[in-house]
Each structure stands twice: as structure tokens, then as C-alpha cells.
Amino acid sequence: MKYIALLVLILCMDTSFAQNPEEFTVNFAANDTINDAKVLKFADLLQASLYKLETKFFLDNFNAESFANKVILNDKKSLENKDIQTFNKAFQDGFLKKFDLFPVKITQSIQNDSSYDVVNYYYDDLEKKYHLLFRTYSDNDGLNYHDYQLNYANEKFKIEDIYIYTTGEYLSDTIKQLYLINLPKTYIDGIDAKEDRLENIAFFYSYQKLIAKEKYKEAFDLLSTLKGDIKEQKIIYIMKIQVASAINEVYYMEAIDELLKKFPNDPSTQLMAVDYYVMLKDYNATMTALDALEIATSDTFIEYMRGNLSWEFNDYEGAEKAYKATMAEYPDFEAARLNLLYMYDEAKMVEACISMLEEFIANDFYSKQDLINFIDNTENELKNITTAQLYKEWKEKK
């Protein structure tokens, strides 16, 4: 199941625990052209290093201290508690020092033919921080975005946190739930708090066991029994969607519907919305969800997704327009070219197919012999061009 391995780490904790007194660090970056250039250079170096399957740049430029301060409890009460301080040190020395698993997973996905590219950057006026948006895409895993929040200290930008669209929250929030479950019991004051904590721990382990045994319906029912503020957290809605996807389409659609109603304006929910409206076979709503995602991310790659989904809804004109826009924006992206060729073939637009073949040759994408070998290979999925007279004449033409 997609993302279940990550999501089972989430503990549904009561929100009454003390929070960090300062959400953001005191080192602010000015929003100016000098820092714009620094951020763009940082983005290029990060992307290049990951494509080289190296994690050193990522880890060298990850501000572990700032990240940890968003995870651990460091309010006045916690600072006075020796158990908490001992636990904080152990947690930082143990779990947080293994953060290399995150960039390693990125390089592994790249090895498996995923792309991992910079989309854009922006400045958050409230945080006074720059952000970098990366897109990850593969045919198997689909589309996702990582929004890097950058810390600024000693005139250098470093990664402070990462907002992951498919979980709908910052990575620090996800890890904080794991941190909270392991807090020393001596920190919990009052019988009610202890009982709530024990109840949540029991939930976590029960849920994890059900997932391990692939008892997804039981896991879904368990999620539905949650009470109090915790059940309104976005991650719970995401968990229900992931579990529901392993049950059946009805459960999956109902779970997405709950998320969309609860968080209608959240950019990360638009990823779910696209799948949802495709399953409903609602073409207009699907395109609207794609429009919303494109507005939220300013990602021109959405055109490729629009091409695929337009084709799925038999809107050949819309698909053609979207694929051509993608080809113009990403000339090295082979999938857009091949998908357009396959679509022309399915629609029996043989002349358009031949025009594309000529264009491939003119732009040095492929040689004519390479194209002939590909088309004549019976293992491809082309249905009509191989027997078309126009293709036969083109093939024989010198």
C-alpha cells in the first residue's frame, strides 16, 4: 500500500501537550534579489547532487538543530524536567541522526526512474523564510511534492523542514507524533492524561498490527472509533484514505470525500481530488482539480497530467494541446512525445502520427530506423499505424 509504511509511524496523541514557545527561528532572511539568487543556486546544487545519487549535500545542508526544536518539547516546563531533557538527548542522538533515510529514499526512487526536480521557490512573509518546491514523479508512484522550508543562519540557507503533499503536513509534525508516544511517563500529570496516553498507545499498536496482517477493514474501523480533537487532524484523514484504498473503491472515494470537505482549500488535498473525480468519471471536476493544483504549485508539469487525463476521458483535442505544451516546456521528456503518438494511433490519426515521426527525426530525438524498429516491434501497444498504407509508404521513402 502506498505510504502505509510511513503512516503507521503516526501516533494519534492528545493535543493538550505543551508546544514549543517559538514556532520559527530568530534568523530571518530578507526577501531580496541577492537571496533569491542564493536560493536558486541552493536548489540547483541539491537537485544535481540527488541525481548523482549522493546525499552528502542534503545532509550537510540540513539544519538538524532547527528541525529538532520543532519536534521536541522545549518549553519552560520541559526544560526543568530532567526526564524530558534526558529523553530529548537520546531522541536526537538516536532517531534524528538517522535522518539520512529521507534523502536515501529519494535517491532510490531516482534509481527506479522517478524524477525529482525543482518547480519553483517562494518567500513566506509570515515566516520570513524562503521555500523550495520539488516535484517527484514516476509512472508507478504518480505525482508528489516536497516543499522545503529553508532556515537562514550565518548568511547560509539550510533545510529546516519539509512539507510533504501526500501526508498533508510537515515532516517535523509527523515525527513529533513518534516522539510524543515515547515521552517518559513521569512527564504526564494527572490520571486522565495517563489514561489518554495509554489509550493512544494501545490504539497505535493495535493499528500497526492490523496493517501488518493486512486487515485493512479492521484498521479502517479502528480509525473511525477515534474521539476528541485527534480525529480532526489531517493525518487521520490521510490514513483513512490509504487504508480505504486497500479495501475497495467505495471506501476509498468516501474517505477522499471526507478529506475534501474538511480541508477544501488545502493545496495538498488537490492530489487526492484528482483521483477522486477521475473515479467519479467527472471530467470537468477533474480538470478543475488540476487547475487548482497548478495554481497552488505553479508547476507547468501539470500539463502532462492534464494530457493523460484528457486522453482517459477521450478528449483527444484537449490531450493533444496539453501534450504539445508539455513537449515545448520539457523537450527531453520522452513520455509526453510517446503518449501523444499512442493517442494519435488510438484515434486512427495516421497523418498526425507520420508528422510526429518526421518531427522526431528533425529534432534528432530518434533516427528513422530507430522509429521503424520501434513501430514494427510487435511488443509495443500501437494498434493502427503498423498496418496503415501511409506508414508503409513513409517507411519505404528514402
Side-chain angles (χ1 to χ4, degrees), residues 2-3 36 39-40 42-51 103 105-122 130-149 162-168 266-278 283-313 315-344 356 359-360 363 365:
K2 254 184 174 182
Y3 313 116
D36 288 351
V39 169
L40 287 173
F42 184 92
D44 289 341
L45 290 171
L46 177 58
Q47 178 178 298
S49 68
L50 293 171
Y51 270 109
K105 284 189 174 296
I106 294 173
T107 57
Q108 288 175 342
S109 69
I110 290 173
Q111 280 184 300
N112 292 325
D113 295 327
S114 290
S115 61
Y116 198 78
D117 299 316
V118 181
V119 175
N120 57 48
Y121 74 97
Y122 65 95
Y130 276 91
H131 284 246
L132 281 173
L133 187 66
F134 273 73
R135 177 212 323 116
T136 176
Y137 174 79
S138 73
D139 290 336
N140 291 329
D141 295 330
L143 186 67
N144 193 9
Y145 292 95
H146 292 169
D147 187 327
Y148 287 80
Q149 182 188 60
I162 307 163
Y163 185 91
I164 301 174
Y165 269 48
T166 48
T167 63
D266 191 314
S268 65
T269 64
Q270 298 308 318
L271 280 174
M272 299 290 183
V274 173
D275 283 344
Y276 176 69
Y277 292 123
V278 169
Y283 176 75
N284 291 331
T286 299
M287 294 299 124
T288 299
L290 283 173
D291 290 342
L293 185 61
E294 185 169 9
I295 290 170
T297 61
S298 299
D299 187 8
T300 55
F301 188 79
I302 298 296
E303 279 298 306
Y304 175 66
M305 308 302 296
R306 187 175 285 109
N308 290 343
L309 292 173
S310 294
W311 181 11
E312 186 170 334
F313 281 98
D315 177 8
Y316 294 126
E317 184 178 348
E320 179 184 44
K321 180 180 178 182
Y323 283 139
K324 285 187 174 181
T326 305
M327 290 160 57
E329 184 74 17
Y330 304 95
D332 295 328
F333 186 52
E334 186 177 54
R337 297 196 298 271
L338 293 181
N339 277 12
L340 182 55
L341 180 65
Y342 274 115
M343 191 202 75
Y344 282 151
M356 276 205 75
E359 185 179 337
F360 290 163
N363 288 296
F365 291 134

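Since the model is a prediction, treat every value here as computed from it, not as a measurement. Values below: all heavy atoms of this structure, side chains included; hydrogens, waters and symmetry mates excluded.
Here the CD1 atom belonging to Ile162 is positioned 10.0 Å from the CD atom belonging to Gln149, to the nearest 0.5 angstrom. Once rounded to the nearest 0.5 Å, the distance linking OH of Tyr165 with OH of Tyr163 reads 7.0 Å. Taking CG of Asp141 as the reference point, atom CG of Asn112 lies at 8.5 Å (rounded to 0.5 Å). To the nearest 0.5 Å, atom CG of residue Asp291 and atom OG1 of residue Thr286 are 11.0 Å apart. Interatomic distance, CG of Asn363 versus CE of Met327, reported as 8.0 Å (0.5 Å rounding). The distance from atom CD of Glu294 to atom CE of Met305, rounded to the nearest 0.5 Å, is 12.0 Å.
Counting all heavy atoms, side chain and backbone alike, Leu341 lies closest to Met356 at N-SD, 3.7 Å. The shortest non-hydrogen separation linking Arg306 to Ala322 is C-CB, 4.1 Å. Nearest heavy-atom pair across Arg135 and Val119 is CB-CG2, 3.5 Å. Nearest approach of Ser109 to Ile106, heavy atoms of both residues: OG-O, 2.6 Å. Closest approach of Thr326 to Ala336, counting heavy atoms only: CG2-CB, 3.8 Å. When every heavy atom of Val118 is checked against every heavy atom of Gln47, the shortest pair comes out as N-OE1, 2.7 Å.
Relative ring orientation between His131 and Tyr122 is described as parallel, the plane-to-plane angle staying below 30° on a 0-90° scale split at 30° and 60°.
Of the N and O atoms on the side chains of Tyr330 and Thr300, at least one donor lies less than 3.5 Å from an acceptor on the other residue. Side-chain polar atoms of Glu320 and Tyr344 form a donor-acceptor pair below 3.5 angstrom. For the residue pair Tyr130/Asp36, the side-chain donor-acceptor check at 3.5 Å is satisfied. Checked by atom type, the side-chain pair Tyr137/Asp139 shows a donor-acceptor distance below 3.5 Å.
Between Tyr51 and Tyr116, a ring centre-to-centre spacing not shorter than 6.0 Å is recorded. Between Phe301 and Phe333, the gap from one ring centroid to the other is short of 6.0 Å.
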Report the C-alpha distance between Tyr121 and Phe42 in whole Å, list the side-chain angles of each, state the deciding distance to 0.1 Å, and finish with yes or no for side chain to side chain contact (heavy atoms under 4.5 Å, CB included). CA-CA 11 Å; Tyr121 74 97; Phe42 184 92; over 6 Å; no

Yes or no on side chain to side chain contact (heavy atoms under 4.5 Å, CB included) for Tyr145 and Leu293, after CA distance, side-chain angles and deciding distance? CA-CA 11 Å; Tyr145 292 95; Leu293 185 61; 4.2 Å; yes

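Between Leu143 and Ile302 there is a side-chain heavy-atom pair separated by less than 4.5 Å. Side-chain atoms of Leu290 and Tyr277, non-hydrogen and from C-beta on, never get closer than 4.5 Å to each other. Taking 4.5 Å as the limit, some side-chain heavy atom of Phe134 sits within range of a side-chain heavy atom of Leu46. Contact check for Asn308 versus Asn339: side-chain heavy atoms found under the 4.5 Å cut-off. With contacts defined as side-chain heavy-atom distances shorter than 4.5 Å, the pair Tyr323/Tyr304 qualifies. Under the 4.5 Å side-chain criterion, counting only non-hydrogen atoms from C-beta, Tyr148 is not in contact with Val39. For the pair Met287 and Ser310, the minimum side-chain heavy-atom distance is below 4.5 Å. Looking only at side-chain heavy atoms (C-beta outward), Glu303 and Lys324 stay at 4.5 Å or farther from each other.
A side-chain donor-acceptor contact under 3.5 Å links Asn120 to the backbone of Thr297. Formation of a donor-acceptor pair under 3.5 Å by the Asn144 side chain with backbone atoms of Thr166 is found in this model.
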